[in-house]
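The basis for the numbers below is simple: all heavy atoms, side chains too, and nothing from hydrogens, waters or symmetry mates. In what follows, every chain begins at residue 1, and chains take the letters A, B, ... in the order their sequences are listed. These numbers were taken from a predicted model, which means no experiment stands behind them.
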Amino acid sequence: MTFFTAEITAMVNIYLLLILLYAILIMSSYLVLAVLSFIELKEYIKKNSFIDYEILLSSQQAPYLSLIAPAYNEGLTIEENVKSLLSLNYNNYEVIVVNDGSKDNSMDMLISTYDLIKKDLDHETPITTKAIRGIYRSKNAAFKKLTVVDKENGGKADALNVGLNIAKHPYAVCIDVDCILDKDSLLKLAKPFLESIDKKVIATGGVVRIANQCTIEDGRLIDVNVPNKLLPRIQVLEYLRAFLLGRMAWERLDGLLLISGAFGAFDREIAIKAGGYNTKTVGEDMELVVRMRRYMLERNIPYTVSYIPDPLCWTEAPDNAAIFKKQRSRWMRGTIETLWIHRKMFFNPKYKILGMISVPYWTFFEFLAPLIEFVGLLVTLIFVILGILNWKIFLLLFLFVYIFATMFSLLALLGEELTYHKYPRIKDFLKLFAAALIEPLYFHPLAVYAALIGYWEKIKGKKTWGDMTRQGFQKKQ
Amino acid sequence: MEFFWNLYQSKVWVVPFLIYAIGILLFGSVTLLAIIIWTRHTHIKEQKFILQYDRLIEPMLLNVLFDTGSYSTFNNDPHYSSLFNNTVFRKQMMANIINLHKNYEGSYAKKLEKFYLESHLITDSFRKLKNARWEIQCLAIEELSEMNVVTVFEHLVDTSKSSNKLLKIAAIKGCIKLNGTKGITHLIRHKDPLDQWSQLSIIDAIKHGDLRLTEGIEILLTSKNDTVVSLGLKIIQSLHLSQHNLDIIRMISTTDNVYLKQEGQLTLTAIKSSNT
């Protein structure tokens, strides 16, 4: 650095020191969260071995649930998906399918398959939504749990709000209609609502897993496989890390900000009082949880959000880079929007752990991380061009980060082995192990790139979801 | 501070730091991989043993149930005698006998109870009961109450006061198993609140027990613990015990708790509609 002035050298040193501190902080936070998750998982598994969920099945006092499934252009699979929703192991529930102005034959399919007729049902509209064209019930008693709402297109959040308005029961379970639910998922999701005495349980979330290349029969998952394609395969690993090593820790800290939009249950009254889903964000799932929590905190009502590590919901992950980029850029926009809407909470002690830890964590390590990585790459490139990069340190640093990432994936695999052991075949384990080795070199840069697109789309003011074309699940022959 | 800044700027620490850190992480990764492989191996081995032992245990217990087989017969059989001291085998034998006992009553159940006593599985259960870990105690309670070891009742009453929710539920369920609803009348003095899940678990245990043994349940309605009163109401409603309508009316008139008054009214309505 002979041609650098002392000031510039000092500035570079300060920058490098800040990055070093940031790296130490993010890596240690991952490890702390992993340790907390392991403790929580161990306790859960121990406790769960004494739980008989059948109790809820035979009890009149089991919580009453309204399943809300928004559907947009799902004509190809909607018949089977609704059938699977109607055959879950639970008694006290209704299914509300909200057709969000589909342009395909979804509504006709539903009407003919389930003998639907239009009904004039009285319902309150505490949340303002797009116009409802009609509410349908089945003539066939076998489908008495089913209500179908046909409405003008307004997006997923608007469809969910219609469901919240129409729902008869105190707990709303919001799901993606194309997800595969475990037969006992509602039993497990409902239990936390019965367990708290001094705190109100306002929401419960379940673990979502990747179903690509798994075998599905009659809307049920019958064989779990690890995908051969690299992109969905790495996402299996990523979901294991996120759900087993991340969210369980946040649950333990009572600082969970996100319940996956694919599968989560909410106290309907609180969700409505908090204003329902925000139709102006693409991260409506996270935004609702944050708003509900904020609502409780601002009114000093004791509450909690619960999380279940059991794999209850299986979803199809993007299997090509183009769709993956669309999904992840949308997730980033959703994160930015939620953090911006609730910026008041940032390091605000009034919001307790949420304000002091959860929101700052998401700001620094979820929202800012891709940007910092990108800046790091640019600086490295500049150093290379100027010929001042210390290659020995660079390679050691690269190796350090690579081994840390691999070790963290192995930790997630260990968590899976010690708990649910869903991938018993040696072939599947080897595939996941290979994914752990490849991920930092292939998947991570792609995810950072997608997040950067998310920043750019947010700056441009993009508000739409973008198409998510799915391949469909593998059926049993 | 200046010392640290100078040290940082000198960069002499960078390479050794990174080499040590890489070494630690590499060691961590290899250890994790080894633990995963060992866990998978243990899991597979355990499954193999379970299958292997089940093939021996099932015919043995069926022989005890439907034939003249007894513990002494099998203890003299070289195929079995050595296995009776094997921890995994005993654990599997315990699980099988408990499962089987759930399906049989009368003389068949008595045969299994006799085997449980003679094979000293009962000693295993008592040993577990003294274990400091709550989950082991829960297992022991399930085993002892399933096998009708009534001497454990008073211990279970004490355990039902535990602050550990699951241990508490297991103990109350054990009390119910051994003594019907009489087994829960002691809850009238219970101080801690019972959440709804605990209440439903207790009701479920009652439903699975001898439904004729419901006397004394009305006493729960006089408890000072509102959640115990609520449990009493739920039991009366679930079992349609209309003979306790007057007790409910009395509870409604004496309690100050609005929710209990409401629940009492709902219970009366539910019993009425189920009787018509």
Please work out which of the three classes, parallel, tilted or perpendicular, describes the rings of Phe404(A) and Tyr30(A), given edges at 30° and 60°.
parallel
Would you please classify the geometry between the Phe398(A) ring and the Phe394(A) ring as parallel, tilted or perpendicular, with 30° and 60° separating the classes?
parallel
With a 4.5 angstrom heavy-atom cut-off, which part of Ile14(A) approaches chain B: side chain, backbone, both or neither?
both
Spatial distance of atom CD (Gln61(A)) from atom CG (Leu194(A)) [nearest 0.5 Å]:
9.5 Å
Structural part of Ser198(B) lying under 4.5 Å from a heavy atom of chain A:
neither
For Leu20(A), which atoms come within 4.5 Å of any heavy atom of chain B: side chain, backbone, both, or neither?
side chain
Any chance you could lay out the side-chain hydrogen bond (donor to acceptor under 3.5 Å, both in side chains) test for Thr87(B) and Lys91(B), step after step, and finish with the verdict?
CA-CA 6 Å; Thr87(B) 321; Lys91(B) 199 175 151 192; over 6 Å; no
Measuring heavy-atom distances to chain A, does Leu139(B) have an atom under 4.5 Å in its side chain, in its backbone, in both, or in neither?
both
Please identify, among Ile393(A), Leu397(A), Leu413(A), Leu17(A), the residue contributing the most non-hydrogen atom pairs under 4.5 Å to chain B.
Leu17(A)
Below 6.0 angstrom between ring centroids: does that apply to Trp134(B) and Phe50(A)?
yes
Which bit of Phe433(A) is near chain B, if near means a heavy-atom gap under 4.5 Å: side chain, backbone, both or neither?
side chain
Interface moiety of Asp204(B) toward chain A, non-hydrogen atoms closer than 4.5 Å
side chain
For Pro192(A), is it the side chain, the backbone, both or neither that has a heavy atom under 4.5 Å from a heavy atom of chain B?
neither
What is the ring orientation for Trp197(B) with Tyr53(A), classed by angle as parallel under 30°, tilted 30 to 60°, or perpendicular over 60°?
tilted
Which atoms of Lys165(B) are under 4.5 Å from chain A, going by heavy atoms: the side chain, the backbone, both sets, or neither?
side chain
Go through the atoms of Gln60(A) and report whether side chain, backbone, both or neither lie under 4.5 Å from a heavy atom of chain B.
side chain
Side chain, backbone, both or neither: which part of Leu25(B) has a heavy atom under 4.5 Å from chain A?
both
In terms of heavy-atom proximity below 4.5 Å to chain A, should Gln199(B) be classed as side chain, backbone, both, or neither?
neither
Chain A: which of Glu135(B), His43(B), Arg40(B), Gln237(B) shares the most heavy-atom pairs with it under 4.5 Å?
Arg40(B)
Contact part of Asp52(A) toward chain B, heavy-atom cut-off under 4.5 Å: side chain, backbone, both or neither?
both
How many angstroms lie between atom CE of Met248(A) and atom CD1 of Ile39(A), to the nearest 0.5 angstrom?
11.5 Å
Which atoms of Thr39(B) approach chain A - backbone, side chain, both or neither, heavy atom under 4.5 Å
side chain
Where do Phe383(A) and Trp391(A) land on the ring-ring contact (aromatic ring centres under 6.0 Å, His included) test, with the steps shown first?
CA-CA 10 Å; Phe383(A) 278 22; Trp391(A) 283 98; over 10 Å; no
Stepwise, does the ring-ring contact (aromatic ring centres under 6.0 Å, His included) test hold for Phe193(A) with Tyr171(A)?
CA-CA 9 Å; Phe193(A) 289 114; Tyr171(A) 300 104; 4.1 Å; yes
Looking at CG of Leu18(B) and NZ of Lys392(A), how far apart are the two atoms once the value is rounded to the nearest 0.5 Å?
10.5 Å
